[in-house]
Structure formats: structure tokens, C-alpha cells
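To start, the structure under review is shown below, and the notes come after it.
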Amino acid sequence: GKCQESNESGGGNDTSPSKGHCPESKPTISFSLFVISILLGATLSYYLGRSYKTYSWKPKLIQKTEGQKEKLLASAQYRRTKIKVSEDSQQDECSPSEEWILEEIFFQDFFGRYNHENNNSENEFDDEEDEEPEDEELEGEEDGKTGAPGTTIAVDFEKLDQNFLLDHMEVRESFLNVVWDASENLDIAVLSIHCQIKVRSTCEAIMKDGNFMRFLSDPAKKQLTFDTFIAGDEDIINIISIAQQHFDIRHQGRMRYSLKLRGTRPFNGRYTNYEHDLGEILLENKNHYFHKRKIGNAQTAFQNIHVYEALSYKVQSLEGYENSLETGVDNYYTQNPDLFRPNQWLFLDGVMQSSYLGDAAYHEALVHPAMLAHSVGPKRAAIIGGGEGATLREILKHRSIEVCTMIEIDAGMIKAARDWLPWMNNCSDFSDGNCFDDKRTDLRTEDAFAWFLKRFNKDSEPPAELQTDPFDVIVMDALDPEDTANFAVNLYKDLDFWGTILNAISDDGILVMQMGISPHVSDPGEEFGRNYNRATLFDTVEAVGFKRMFLYEEGHSNFQTPWSYLVACKSEKCSEEWYLNEAEIDLRIRERILPTKSGTPGLRYVDGSTMKKYQRPSRAWQTVYCRKLHSPVECKAFLDIKNVVLQRDAFQTSFNNGMKTIIAKVNMTKGTVISSTGSLTTKQALASNKLQFGSSLINDVVFESAISALDLLKDCNITHVLIEKDFHLGKISPYLERHLYMHDMHILEQDIKEGFEIDC
């Protein structure tokens, strides 16, 4: 109320209160305050008792029937209170400035579904039937609910309809609809809803088991935030679309959200969907993405498939995307909508497989290095896995391909790719329609490993109906070296299976497979780190008999880290093809890749310069390789070297009467390394491993006599080769692939003085 000024008659003294202070209360006011205190205490005791009963009651379940929500809300107990508050510290503290409306809704029955066994119980308090709280907790532990982990969702809306946000009753009704719809499929039960209404409004739904939902609106900024926590392991992601449906009623707002798992969960060899890439990369990041939405989700007999799309504010333009959607406008955005479209991701059991932005880099890097390394162009190719169809698409771009056998165990993955990822299996620009339907495609939905074992087992002859010609190229797009499932771990060391794959490749054939995350220079040896399965696989592939193997990596596959690949050749012949120069590779691409109807390049990412980069593994691969428990011989080759001399600076070659004479030009001590230079073209030098320091030729044309002179020194037992030329055969050695010149480095086995003549 208002402060009353009081002047005692005859007193002559002004007793009106100073600003911000009330006059002294009279005894009647003190008595009134005493009575009010008693009433407040009684009220508090009542509600504390009420809270205890709410905890102890066995409420009757609310069945989801037509009109039941309206009936429930009509029977609820409402209490609306106007709360006087002061926001201006300069005003009289006894004078009200603005008012809030506090609205509380208590439900006689639980709002939602909870404990189906209590459907027929009466909504009455019964001491005899009540269970002790300790028993309830034990029951909760048995069913995995009480004390279990939970999930939080945070949703931010902006650019909402301002008239909607100013209508507090409509916003509150939308919130009630969110709570009601969410309870359709979730084990939640609402005890009460509390709302505060001012210029901004907020409501919070208090639920059993510590669950809650709440929102806060800001009409001035056209924004609304929505948060929820649900205990347990239930999948609550659909709450996001429910919130969008009821809060963005004009379909004009922007929405960003995050989903985070709380607590710890037991690890059973594999993470759950949201614990892996799906959660870490996409769902947990609210501020990194706009327009984040689920395109599709399917649980097949083999895996859980998720397809999402979103705009990353770091690399994509939200305004550009919105401009590209405009109709009746002709500008750069509307002419090039694909340049502004959201990124799309495919997740299998929560693990990211591919994306729209990384599609060209990943799949072209997987397919074309092996295809282009085939000397005459592969005619028969096979794919193990690759259910999204992008690997198939890249193989079908080659003119030489007559048949591509794709073996994918999960028919549901193929259907999901057709429905949700049509851009991944679209061959219409160079062929006819969908890649799965191409006349050269031999699509099989069965176990690829069993398929090969039945047809190419080296220990048994297959029946006539299963006999199949070997393949020129096999692409392994199914194994993930980070997978720790038992079947995968066993497969990495299965010599019989990998021997079967070798047997399924033609004499000059090639195997290529993705090798997962590239190592970092700070990583331990592969067998001791997170990639111990990859180390096992390397040992297995070496053991079955592949002649040449090349590691390379690609950093633009949109995996947040560079990705590695392995090419394994059945013969040494592919070495020469692997080390073609840029111009030769570009020419080969032009000759072998089908032209497009649109006139755009057939390959969007790979060209001669890109392939040149693939010819050398990264320094990190070399570093981690040399950190093996038993360091490879080549990693130690330079440890004791103190001096290096080029052959042309060390020896002079002359001919007398048709006889070659080699004379030392300088003094050299035992252990000096003599490096050759050869008169070879770039292509020949690369194919023959004739490289100098820095992995490049010093000159394309140098003295032809150098190599023969070093051979003579070796024959005379004056030098020995640092690394024998065939040392790398059948070996995965990033060190040797980065130091090919080691094959032409000779080490002196004795001291030699200037003028020494070699005449052996």
C-alpha cells in the first residue's frame, strides 16, 4: 500500500517520512505482522506437506485419449498472484512500480505417462500401500532410470513472430502443447508448471525424477530459448522438432540447438549414436550450425542410419543460402544454389561416413589413385561396402569399366541412400540416371566377405556356378580401423581372408582401402596407440604377398582431420604408373574419364597435381612408423653417417683404350656416403627410385656414367649400398617412400686418398 504521512496535532513537528523510508508503525501494525507471520508459516507447512504427499502418492495414469488434455487442464488447480516489485532504486521503496504475474498449475493427476502398473490405482494417499523411499530408489536402479545418465537439449529461436511472443497466453499454450506432445513417447510425468509473465514470459514444467522443461521469451528481440533435461537413456531428440512446431508457428524463425549426453555410460566395445561423431561433431554444437535438421533415420538389421543437414557458420553463409531460395529473382545466389546449400552428413551407428562438402575429396581420393595406377585401364572392379553409392559413382566414370560388382550387406542402407542422399548415387551427368541402376552395375546385397571366400578361396576350387573372373581393382569401403568390435578385430589378422582378396585380383591388379584418421607427429607407434588395429592390418597385408604398397592421405574429406588410404599392388609393375608426373596424369584422366553432359570436369577434385601429392606419405606417417617397438632398419640408416658426397664430386671417370678408369678426386674416410646422379628423365627416375635429396631431381639431365661408376665401386667391394633396391618389396614403409634416393647411396668401406685409381 501507500505510505501515509502523519502530523500529530499540536506537536508542531513534521513527522512525514523522508524519501525511501516509511513512518514508524504503530502497535496495531506490529500485531498485524505477527498474525501474517503465523499465516505464512501455516501456508508453508501446508505446501511442504503437499510436496511430501506428491512424492508419496501413487497417481492414476492419464490415458492419451481424445480431449483428455483439455479435461486435465480444466481440472488443474490454478493460482495466479500479482507480485509487486520495484526496478527503480530512486523511487520510494514503499511504492510499487511494476507487477509480474506468477501463475502456478498443480495437477491432481500426473501430466504425462509414468509407471503403467499404476493404471488402476486410486489417486489417494494410503499409508499402508506406500513404499519406503529407499525401495523406490532400489527399483529405479533395477530399471536403469533413477540415478541413470540423462540428456539435455537447448534450443534457441530467433526471428520469431513478435505478435505471437507478446501474446503470453498463446506462448504458454504452446509450451503446454510441447510438454503434452513430448509425453506421448517419453516416460515423463509433470507435477506442476510455474509461469512468470511480464514483458518477457517464462514457464517451467517440474517433472518426476528431476526432469524439467522450460522456456524464456524475449519479444523485443524476437527470441525464445527452450531447455529440457530428461533422465535415463531414452532418445529425446524428437522434442526439438516438437518445440519448433509449437513455437515457430509462422515458420519464419531460425533455430539452433544442441543435444548433450550427461553422466557416464558403460562402454561395451562401441559407443552409442550420440556418444560418437553424431553427437560430438553435430548435435552438441549449438553455435556452430544453423538450419540443423534431421533428414532421415532408420534402424536396419545391421545398423542405425542417420542423415542430417546444417549450415556451418564458419565455412558457409546463412544469408547466401536464404538468398538462393528466393523466387522471382535472378542473381548469383539463385543461379548457383548448390554453392550455398547446407552440408549433409551420413552417420552409421553414430560414426560419420561421408558428407556433401567432403564427398568429392573423399571418394575421388579413395577410387582414382588406384584406377589411374592400372597400366591399361581396369575393366572389372569390385566394391566391398559403399552402400551410399558414391564409390560406385566414381568407378563408373571410367571408360574402361565393363562391370562393377558392388557387394553391400545392408539393403536398408541402399534404400536410405536412394531416398535421402540422391546426390551421392547420381550418375545422370555422364550415364543414365541412378548409379545403382547403371547397366554396368552388378549390385548384390549379401555378406561381401563370404562372397569372396566362396569364389576365390585359394585352398579350394569353387563350384562352376560360383566361378568368377578376377578383378582389376578392388575397393574396400567397409572396414574402419578404429572399429573395436570383435568381428572387425579378428578380420584384420585373418590371413585366409586377405589371401582370398589377393587371389581375387588379376595379375596386375590393385587393392585400395581407406585407413582412417591420419597419424600425428606426437602419436606413439601404431601398435601402442588408438590405431593398433591398423598396425595389425598392415602386418597382415604384408604377409599375404602384395608386392608394392603406397600410403597417402587427403585433408579435405570434411572429417575434421586428414584421412589416410592404402594402395596395394599385386605386381611391381604399378610402381612406374604410380610415379607418373603431373602432365602424364592429367592426360590419362582426359583419356580415361567419361565426358559430362553439363560440360563440367568429370573429376571435381583429383588431378595431376593432387596425385603428385599422394606419391609421398606425410612426415607424420614416417615419424610414427619409426616409433615401432623394434625400429625398422631404414629408420636407422643415417644414424652413423657423418659425410655425404655426390659421385660427380668424388670420382672422375675416363676411358683409355676402351677401358673405364675411376680416380678419386678428394680424400674420403671410411663410412662416407656417396650419392649418385643419373641421366634419367623425371618419369624414369621416379619409376626406378632415382631421386636425390629433397625428393626431387637436381637436374633432369645429368652425367650418364654416375650409376655405372657406383656399380663398379660396389663390385670392387669398395662400397656397399645403404638400402638394397628391392628392400621395399612387400613392405609398407613410409620412410622409404619419402626417401627413395636411399637406394642409390653407397657407403665407403675403406679410406680413399685423392688420386686413388680403381682398377679391379
Side-chain angles (χ1 to χ4, degrees), residues 298 300 302-303 305-307 344-349 351-356 358-371 378 380-398 401 403-427 430-431 433-438 440-452 471-483 488 491 497 501 504-505 509-516 554 557-559 563-568 603 605-606:
T300 72
F302 301 95
Q303 55 201 344
I305 303 170
H306 287 88
V307 178
Q344 290 186 354
W345 292 265
L346 168 65
F347 299 92
L348 299 181
D349 290 332
V351 180
M352 179 182 169
Q353 303 297 310
S354 52
S355 67
Y356 177 76
D359 170 41
Y362 172 76
H363 288 101
E364 290 187 16
L366 173 65
V367 171
H368 298 297
M371 298 286 284
R380 292 175 52 79
I383 305 170
I384 299 176
E388 69 269 57
T391 302
L392 173 64
R393 179 195 67 210
E394 296 304 318
I395 289 177
L396 293 177
K397 290 180 180 180
H398 285 255
I401 286 295
V403 61
C404 181
T405 301
M406 174 178 161
I407 311 150
E408 165 63 56
I409 194 172
D410 192 353
M413 178 65 249
I414 296 174
K415 183 181 185 306
R418 285 182 183 269
D419 294 341
W420 302 326
L421 301 165
W423 49 271
M424 298 193 78
N425 42 76
N426 182 9
C427 287
F430 61 87
S431 185
N434 192 283
C435 303
F436 295 128
D437 304 323
D438 192 283
R440 296 172 293 168
T441 299
D442 176 21
L443 182 60
R444 299 169 181 268
T445 52
E446 55 184 295
D447 184 346
F449 306 121
W451 191 90
F452 277 95
F471 298 96
D472 300 315
V473 171
I474 295 179
V475 181
M476 177 76 75
D477 195 19
L479 289 180
D480 185 349
E482 295 180 351
D483 196 339
L491 191 62
F497 170 73
I501 294 297
I505 296 175
I510 301 170
L511 168 69
V512 61
M513 51 188 139
Q514 62 97 358
M515 287 284 103
E554 175 52 57
S557 300
N558 201 34
F559 287 126
W563 213 251
S564 290
Y565 306 83
L566 176 69
V567 161
L603 302 186
Y605 190 79
V606 166

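Values reported hereafter were calculated over all heavy atoms of this structure, with side chains retained and with hydrogens, waters and symmetry mates removed.
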Run the side-chain hydrogen bond (donor to acceptor under 3.5 Å, both in side chains) test against [X] and tell me which residues pass, sequence neighbours left out.
X: Asp477; result: Tyr362, Thr391
X: Tyr565; result: none
X: Ser355; result: Asn558

On a heavy-atom basis, which atom in [X] and which in [Y] lie closest, and how many Å separate them?
X: Leu348; Y: Leu346; answer: CD2-CD1, 4.1 Å
X: Phe452; Y: Ala382; answer: CZ-CB, 4.1 Å
X: Thr441; Y: Cys435; answer: OG1-O, 2.9 Å
X: Leu366; Y: Met513; answer: CD1-C, 4.2 Å
X: Val473; Y: Val475; answer: CG1-CG2, 4.1 Å
X: Gln344; Y: Trp423; answer: OE1-NE1, 2.6 Å

Side chain to side chain contact (heavy atoms under 4.5 Å, CB included) with Leu443: of Asp437, Ile414, Ile407, only one passes, and it is Ile414

Applying side-chain contact (heavy atoms from CB on, under 4.5 Å), run through Leu392 and Ile383 and close with a yes or a no.
-> CA-CA 7 Å; Leu392 173 64; Ile383 305 170; 3.8 Å; yes

Please tell me if the side chains of [X] and [Y] come closer than 4.5 Å, counting only heavy atoms from C-beta onward.
X: Ile384; Y: Trp451; value: no
X: Phe436; Y: Met406; value: yes
X: Ile505; Y: Ile474; value: yes
X: Glu388; Y: His363; value: yes

Taking disulfide (SG to SG under 2.5 Å) as the test, write out the residues that go with Cys404, two or more places apart.
-> none

Just jot down the salt bridge (Lys or Arg N to Asp or Glu O under 4.0 Å) partners of [X], sequence neighbours excluded, or say none.
X: Asp359; result: Arg393, Arg604
X: Glu394; result: Lys397
X: Glu408; result: none

Side chain to side chain contact (heavy atoms under 4.5 Å, CB included) with [X]: which residues, sequence neighbours excluded?
X: Asp447; value: Ile409, Phe449, Ala450
X: Ala361; value: Glu554, His556, Ser557, Tyr605
X: Thr300; value: Phe302, Gln303, Ile305, Asp410
X: Ser431; value: Cys427, Asp438, Arg440

Would you check if the side chain of Asp472 reaches a backbone N or O of Arg380 as a donor-acceptor pair within less than 3.5 Å?
-> yes

Set of ring pair (Phe, Tyr, Trp, His ring centres under 6.0 Å) partners for His306, sequence neighbours left out | none

Interatomic distance, CG@Leu566 vs CE@Met476, rounded to 0.5 Å, equals 11.0 Å

From Ile501 atom CD1 to Phe471 atom CZ, the distance as rounded to the nearest 0.5 Å | 9.5 Å

